[in-house]
Structure formats: C-alpha cells, structure tokens
Amino acid sequence: SETSKFDIVCRNKDDVTTQKSMVVRVARASLFLDDNAANVMVDLNAEVKVSWQSENTKCEAKRGANVISMTSPGKVTADNNFTVDLICEYGVNAQRSVQINPPTADLKVNGGNGPVTIDYQTKVTLSWTSKNATTCSLTPGGSVALNNASYPTPNLTATTDYRLSCSGPGGAVNDTVRVNVRPPPCGGKSYGGYCWYFAAVGQSCNEACGGAANYNSAGSLGFAGAQG
C-alpha cells in the first residue's frame, strides 16, 4: 500500500514496555505524454504535453540534460526523436520516448500525378509538398525547398523521370513522375516511320542530315537519310 504503519514495542527486565510507531509512505510516480502513459509518435515540431502524477515525492521532467518542467504539466517541441525522463526523489523514475512520424512527399507534374506527354523542346511545371521532412532533393535538379508550388523544368528533348526524395527524423521517402517527350517534328519527308532528307549530288549522309534532330550517324544507310 502507499502508507504503512509499524508499531515497535520494547520491554525491559522490569517488565516496563515502551511503544513507538513509524509511518512509512511509498513514493510513486507516473509519466504521461499528451495524456498517454505510453510512448508517442507526433508530427515534426509538434508541441508535446509532458505531465505526471506523483505521491510522496517531488519530480522534474528532463530531456537529456535540459529540464522541461519542475511542475506538472510542461511542454516540449518535438524537433527530433528523443526521450523524456521523470526524475524523482528516492530513486523513483520513469521514461517515455517521442518519435517523429515518417515523412511524406507528393510530387506533381502540371498539377497531376502523371505521366504526361509533351512535345520535343518544351517544358513542364513540377510542384511538391512534404511533411515531417528536414531535407528534400530533386533528381535531376539537386537540393530543393521542402515545398514548392511552381518549379519549371528546362526544355526537354528526351523522356525524363523526376524523383523527389525527402528525409527526416522518422525516415526517408520518395515520389516519382514521368514526362514522356514526343520525337521532334520531321524537317524532311516522313516515310516508313523515318524522316528522310534529300542530299545534293555527292553529299554524304552526315552532310545532309547532320543538323537534323535525333540523327543517328551510326545507323545511316548508304544514301542520304536520317533515322528517327
């Protein structure tokens, strides 16, 4: 029980008795995070309520070496994963952990999930949101902001996969969209799925087609023409 009473009776040789009483109170403490007596998972930078109940002891809540509060309740910002220690008199302690929820990332192309198909040498607009992340990067592209409402790409000449990768205390996540790019328009004559260019007398394939988009000199035939 929380309180126990002990009676001590002593008797001397003359048969005289002396009685003393001692009351022992048991120290107890319980730690709560957001009113839960358990570990919690929260969003990044959320405010966590730290409270406790104690009997027959004084306590303080700490995060590492830093005191959160010496009276219940207190508050702490969840900017990373950490533990809360309740340190009380008489060796009565309790501990709970705060874990950040896994990050999320949502990448859009022209306002949708993709894929999209565009003409040769045109661009798209990417946008994205993230949550519970501390860093994000775009491939191709490099390090980017955690959220962006409008990110125009360069003019594209080939089908491209864009990948948004974000990480935070709760882990890592990525999202991908595909941009399909149509072949360039034929500047010569279309026939049989190929674009043909007519050369002057004595002109080589490379001379006749070298300036054409997607010209494949390795696949050229013995007469002037461009593959693709």
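Since the model is a prediction, treat every value here as computed from it, not as a measurement.
The two atoms that bring P169 and L44 nearest to each other are CG-CD1, 4.0 Å, heavy atoms only. Heavy-atom minimum distance, N180 versus P115: ND2-CB, 4.0 Å. Considering all non-hydrogen atoms of both residues, L107 and V177 come closest at O-CG1, 3.5 Å. Among all heavy-atom pairs drawn from V26 and N56, the shortest one is O-ND2, 2.8 Å. Residues D43 and N101 come closest through the heavy atom pair OD1-ND2, 2.9 Å. Of all non-hydrogen atoms in P73 and K49, the two that sit nearest each other are CB-CE, 3.9 Å.
To the nearest 0.5 Å, atom OG of residue S127 and atom CG of residue N148 are 8.0 Å apart. With values rounded to the nearest 0.5 angstrom, T129 atom OG1 is found 10.0 Å from K131 atom NZ. Here the straight-line distance linking atom CZ of R28 with atom OG of S54 works out to 12.5 Å at 0.5 Å rounding. One distance of note links CD1 of I100 with CG of D79; it measures 7.5 Å at 0.5 Å rounding. Distance check, rounded to the nearest 0.5 Å: OG of S51 to CG of L33 gives 7.5 Å. With values rounded to the nearest 0.5 angstrom, T122 atom OG1 is found 7.0 Å from N155 atom CG.
The shortest distance between side-chain heavy atoms of L138 and Y151 falls below 4.5 Å. Put simply, the side chain of S97 does not reach to within 4.5 Å of the side chain of F82, judged on heavy atoms. Within the 4.5 Å cutoff, side-chain heavy atoms of V42 are placed close to those of D34. Counting heavy atoms from C-beta on, the side chains of P102 and N132 never come closer than 4.5 Å. At least one side-chain heavy atom of V50 sits under 4.5 Å from a side-chain heavy atom of L31. The shortest distance between side-chain heavy atoms of Q121 and T157 falls below 4.5 Å. Within the 4.5 Å cutoff, the side chain of L146 has no heavy atoms near those of the T134 side chain.
Here the options are T77, I68, D85, the test is side chain to side chain contact (heavy atoms under 4.5 Å, CB included), and the partner is R63; only I68 passes. Checking each of C136, S130, C166 against V144 for a side chain to side chain contact (heavy atoms under 4.5 Å, CB included) leaves exactly one that passes, namely C136.
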- [ ] Could you walk me through whether S167 and T135 pass the side chain to side chain donor-acceptor pair (under 3.5 Å) test, one step at a time?
- [x] CA-CA 6 Å; S167 61; T135 61; 2.9 Å; yes
Task: Evaluation steps, side chain to side chain contact (heavy atoms under 4.5 Å, CB included), between K108 and L126 - done: CA-CA 6 Å; K108 304 289 188 184; L126 302 177; over 6 Å; no
TODO: Show your reasoning for whether side chain to side chain contact (heavy atoms under 4.5 Å, CB included) applies to N113 and D106.
DONE: CA-CA 9 Å; N113 293 323; D106 186 17; 4.2 Å; yes
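N39 contributes no side-chain N or O that, together with a main-chain N or O of R96, makes up a donor-acceptor pair within less than 3.5 Å. Side-chain atoms of S165 do not come within 3.5 Å of backbone N or O of N174 as any donor-acceptor pair. Judged by distance alone, with hydrogens and angles left aside, the side-chain atoms of E89 form a donor-acceptor pair with the main-chain N or O of K58 at under 3.5 Å. Using a distance-only test at 3.5 Å, with no hydrogens or angles considered, no donor-acceptor pair links the side chain of T160 to the main chain of V179.
Under a hydrophobic clustering in which Ile, Leu, Val, Met, Phe, Trp and Tyr are joined whenever their side-chain heavy atoms come within less than 4.5 Å, directly or via other members, V76 and V98 fall into the same cluster. Linking ILVMFWY side-chain heavy atoms closer than 4.5 Å, directly or via other members, places I87 and W52 in two distinct hydrophobic clusters.
In this structure, R182 places its CZ atom where more than 12 heavy-atom neighbours from other residues, nucleotides or ligands lie under 6.0 Å away. Atom CE of M70 has 12 or fewer heavy atoms from other residues, nucleotides or ligands within 6.0 Å.
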